[in-house]
**Student:** 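What follows is a structure written as structure tokens; I'll ask about it next.
First listed ligand is number 1; within each ligand, the first listed atom is number 1.
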Amino acid sequence: MRPLERLPDGTLRLPALSTAHSHAFQRAMRGRAQRPSRLTPTAAGMAAGDDDFWSWRDHMYALAASLTPESLHAASAAAFRELAKAGVRTVGEFHYLHHQLDGTPYEERTLLANVVIHAARREGLRIALLRVAYHDAGGAEQPAHPAQRRFADRQVDDVLRDVDALRAQWQSDPQVVIGVAPHSVRAVPPEWLTPLCDYASRGAMPFHMHVAEQQREVDQCVAQWGRRPVELLADQGVLSDRFVAVHATHLLPHEARLLGEARALACICPTTERDLGDGLPELGALRAAGVRLCTGVDSYVVVDPIEDLRALETHERLRTQTRVTFQPSDGTPAEQLWREGSLEGARACGFVDTGGSVVVRRDHPVLALVDDEYLLDAIVFGAGCSVVDRVE
Ligand SMILES: [Zn+2]
């Protein structure tokens, strides 16, 4: 596939972008949680920030606790409008905000999922609503946060009932896919994984899960289950070519191989991962193992899907202190990165194509002085999403 097409009218067409991992409500956090919430004095008398993923999560939980169906719709609409303008046609919404604040389901149990789907459709996006299963609230050493009651279900059957309902409600809309998403190994017990996976397999549905975003999650998993996260998932038989490991940050080489043997995808969310200080995934190992890659906007700290796909390569350069870290068997690195940010992301969401084209004007100032041969390289390595004129 040659992604870039030149048209006689002076425009360039590229496959529409996808973002396979989104939490739309977090769009309402933009600009927050960027100041120290905890300070530690240093020897020099300065105060140093002591924040990390877990202190960021407290901010996020406070937001999650405050949302109403109306404010969730407003946040989702703002998020999806920004994605659409940036060239995105397909979003995978990892949806875990299900219930009222005290944990009581809404009278219409899938109310909040439907709010998010309607917002996406209204902004012209295709959406995979990945209905999250969430059981445990936080693990042994941490008390549950009140917001987590909004995420949690008592039984796996409650999750599957909601997935059934969503599939029935949206079956006539080809722009909506329903998927299944166990939150993570810290929030879902192993015995839930098999029924969730069996259900998703019967419907050939996308099956997404946060995997090893934080070292602490890996350590907890080893302490509790005697297995690293991907080892546990392989033992439970849930890896497949519909499995999407979100983040895949702290893996050992044999875990990358387990994902690769299953032809699973890893959804990397570079602009969020760097904001949260998650660490750098070893993309060279994932690529060498045959893991397919795609990208996600995740927390909406930044919305620039071109920056997300570019960072697959540029972060790997930082990590390895080298340049041009891979050569695909077919095409250039820029072509492969665009494929990962478009077609692979759409596939991760259960669609077979990218659903449209991004249109870029050849006379855009970003492309001045660029030879025709290097147009896609220049867009991937030199442009932000403001280069996008429209999606068709
Ligand atoms: Zn996430």
**Student:** List-wise, which protein N, O or S atoms are found short of 2.8 Å from the Zn ion (ligand 1)?
**Tutor:**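 Near the Zn ion (ligand 1), below 2.8 Å, one finds H21 NE2, H23 NE2, H210 NE2.
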
**Student:** Donor-acceptor pairs under 3.5 Å, side chain of residues 301-310 to any protein atom, not counting sequence neighbours: which ones?
**Tutor:**
residue, atom, partner, partner atom, Å
D304, OD1, I306, N, 3.1
D304, OD1, E307, N, 3.2
D304, OD1, C385, N, 3.2
D304, OD2, C385, N, 3.2
E307, OE1, R310, NE, 2.9
E307, OE1, R310, NH2, 2.7
E307, OE2, R274, NH1, 3.0
E307, OE2, R274, NH2, 3.2
D308, OD1, T271, N, 3.2
D308, OD1, T271, OG1, 2.8
R310, NH1, V380, O, 2.9
R310, NH1, A383, O, 2.8
R310, NH2, A383, O, 3.2

**Student:** Which class fits the ring pair Y96 and Y134: parallel under 30°, tilted 30 to 60°, perpendicular over 60°?
**Tutor:** tilted

**Student:** Run the ring-centre check on H118 versus H73 and record whether the distance is less than 6.0 Å.
**Tutor:**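 No, ring centres 6.0 Å or more apart.
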
**Student:** Excluding sequence neighbours, so at least two apart, what forms salt bridge (charged side-chain N to carboxylate O under 4.0 Å, His left out) with D363?
**Tutor:**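 D363 satisfies salt bridge (charged side-chain N to carboxylate O under 4.0 Å, His left out) with R361 once adjacent residues are dropped.
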
**Student:** Indicate whether the side chain of Q214 and that of H250 have a donor and an acceptor atom separated by less than 3.5 Å.
**Tutor:** no

**Student:** So, using salt bridge (charged side-chain N to carboxylate O under 4.0 Å, His left out) as the criterion, who are the partners of R149 when residues are at least two apart?
**Tutor:**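 If we apply the salt bridge (charged side-chain N to carboxylate O under 4.0 Å, His left out) test to R149, skipping adjacent residues, there are no hits.
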
